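What follows is a single structure, written as C-alpha cells, with notes after it.
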Amino acid sequence: MNFFQSLLFFFVSFLASIAGAICGIGGGVIIKPTLDLFGWSNVTTISFLSGCTVLSMSCYSVSRSIFTKDNSIKLNTGTPLAIGAAIGGVTGNQLFSIIKSIFKNPNTIGAVQAGCLCIITIGTLLYTLHKEKIRVLHVQNKLLCLAIGLFLGIMSSFLGIGGGPINLVVLYYFFGMNTKTAAANSLYIILFSQISNLFTTVISGNVPEFDIITLILMISGGIFGGIIGRKINKHINSKSVDKLFICLMVVIIIINIYNIWKYTCL
C-alpha cells in the first residue's frame, strides 16, 4: 500500500470517528464498508484495521467520560452489557473464522458481511424514523442485559464494525435511553467487545498481514476523531445527533448495496 492510500485511510478513519463519537456508532460501520469500497486490501485485513481504529476511539471516549464523571455511562446496565459484549466479541471472531474457512473466496465473505450490515442498517434507519411511536422497555434484569450484550458483541465482531447502529437501537428500545446517553453507553459496549476481539485474534494467531504505517495512521485518526467528536457532541442537542445519524445510515446503506454488487460480480 502506498503512502497516498495510507493517508486516505487516515482521513476515512478520522472523519468516521468524529461521526462515531457524536452518534455512538463507533465509526467502524462507516470505516469498514468505505474501505471495502476502495478495494485496496482484503476483507480480513480491513476488518482488523477497522476494529483497531474503533478500539482506539472508544478507549479515548470512554476514558474521558469516566475521568470527567459526566454520568452518561449507566454502569448498572452498561457493565453487564459490556461483559456480554466481551464474550460475544470472542464468539463473533470465531464465527468469522468459520465463515472464512467455508468460503475460500474472500469476496464471498465480503458479500456476506455487506449483506448483513445492509439489513441491520436498514432496520436501524426504519426504527430511528419511527422510534417516537414505539413503546420502549426498561430492562433491569442483569442476565437479560448479559444476553443482549452477547448478541451485540457477536454482531460487531463478525462484521468488523465495532458496534455500530444496532447498539443504539437496542439501547433505545430495551433500556429507554435518549440519543446522547445511548451514544455514550454504546461506546462503552464497543470498547469491551473490541478488546476481546483483538485479544482473540492475537492469541489465535489470526492477525492478517497489514501495513504498520497504515495501522498507525488509522489509530491516530480514530483518537483525534474521538477527541473532536466528543467535543461536538457536548455542544449539540439530541435532535441534531438524530439527523446526523439518519444521514449516515442512508449513506452506509448505499455503500453496502454497491459492495454487495461488487463482491458478487467478482
Side-chain angles (χ1 to χ4, degrees), residues 1 5-36 38 40-41 44-68 70 72-73 78 82 85-86 88-90 92-93 96 152-153 155-165 167-168 183-203 206-234 248:
M1 184 176 294
Q5 291 173 329
S6 297
L7 197 60
L8 189 56
F9 274 37
F10 164 79
F11 281 113
V12 169
S13 301
F14 176 65
L15 296 174
S17 295
I18 291 176
I22 294 172
C23 299
I25 58 177
V29 71
I30 305 170
I31 296 170
K32 175 67 168 62
T34 303
L35 298 188
D36 282 341
F38 295 152
W40 292 337
S41 294
T44 305
T45 299
I46 289 174
S47 292
F48 177 78
L49 293 174
S50 174
C52 290
T53 305
V54 171
L55 175 59
S56 65
M57 187 278 283
S58 59
C59 185
Y60 166 78
S61 296
V62 171
S63 297
R64 287 295 297 166
S65 291
I66 293 174
F67 291 145
T68 57
D70 61 11
S72 55
I73 297 176
V90 175
N93 186 288
F96 180 82
L152 293 177
M155 295 304 296
S156 66
S157 180
F158 172 69
L159 296 175
I161 60 173
N167 283 14
L168 296 183
N185 284 270
S186 174
L187 293 175
Y188 185 56
I189 296 168
I190 288 169
L191 174 62
F192 278 74
S193 67
Q194 286 307 297
I195 288 174
S196 66
N197 180 32
L198 179 61
F199 180 78
T200 305
T201 300
V202 173
I203 292 299
N206 290 326
V207 177
E209 291 186 8
F210 62 90
D211 180 59
I212 188 64
I213 299 299
T214 302
L215 177 62
I216 293 171
L217 286 172
M218 288 183 68
I219 289 176
S220 300
I223 294 172
F224 289 131
I227 293 171
I228 294 174
R230 179 177 166 79
K231 289 182 178 179
I232 294 173
N233 181 274
K234 286 184 175 181
L248 288 173

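Quick caveat, the model's predicted, so the values are computed rather than measured. Heavy atoms only: backbone and side chains are in, while hydrogens, waters and symmetry mates are out.
The CZ atom of Phe11 sits 15.0 Å away from the OG1 atom of Thr34 when rounded to the nearest 0.5 Å. The distance from atom CG of Leu217 to atom CD of Gln5, rounded to the nearest 0.5 Å, is 12.5 Å. A distance of 9.0 Å separates CZ of Phe48 from CG of Asn197, quoted to the nearest 0.5 Å. Taking CG from Leu55 and CD1 from Ile219, the interatomic distance works out to 8.0 Å, rounded to the nearest 0.5 Å. The distance from atom CD1 of Ile73 to atom OG of Ser61, rounded to the nearest 0.5 Å, is 9.0 Å. We find the CZ-CG distance between Phe192 and Leu152 to be 14.0 Å, quoted to the nearest 0.5 Å.
Scanning both residues, Glu209 and Thr45, for their nearest heavy atoms gives O-OG1, 3.1 Å. Closest approach of Ile31 and Ser13 over heavy atoms only: CD1-CA, 4.0 Å. Closest approach of Thr214 and Asp211 over heavy atoms only: OG1-OD2, 2.9 Å. Residues Ala21 and Asn233 approach most closely at O-ND2, 4.2 Å, considering heavy atoms. Across all their heavy atoms, Ser220 and Phe10 have their closest contact at C-CE1, 4.1 Å. The nearest pair of heavy atoms linking Gly89 to Ser196 is CA-OG, 3.5 Å.
You'll find the side chain of Leu8 reaches within 4.5 Å of the side chain of Trp40, heavy atoms only. No side-chain heavy atom of Ile190 sits under 4.5 Å from any side-chain heavy atom of Ser156. Two residues are said to be in side-chain contact when any heavy atoms from C-beta on lie closer than 4.5 Å; Met218 and Val12 fail this criterion. The closest side-chain heavy-atom distance from Ser50 to Leu35 is not below 4.5 Å. Residues Ile46 and Phe38 have side chains not in contact (no heavy-atom distance under 4.5 Å, counting atoms from C-beta outward). With a 4.5 Å cut-off on side-chain heavy atoms, Tyr60 and Ile227 count as touching. Contact of the Leu191 side chain with the Leu187 side chain is not registered, since no non-hydrogen atoms from C-beta on lie closer than 4.5 Å.
Within 6.0 Å of the CZ atom in Phe199, the count of heavy atoms belonging to other residues, nucleotides or ligands does not exceed 12. Atom CZ of Phe210 has more than 12 heavy atoms from other residues, nucleotides or ligands within 6.0 Å.
Judged purely by atom type and a 3.5 angstrom limit, Asn93 has no side-chain atom pairing as donor or acceptor with the backbone of Leu198. Here the side chain of Ser157 pairs no donor or acceptor atom with the backbone of Gly153 at under 3.5 angstrom. Not a single donor-acceptor pair under 3.5 Å links the side chain of Thr53 to the backbone N or O of Gly222.
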_Test log, rule side-chain contact (heavy atoms from CB on, under 4.5 Å), inputs Ser65 and Arg230_ = CA-CA 9 Å; Ser65 291; Arg230 179 177 166 79; 3.0 Å; yes
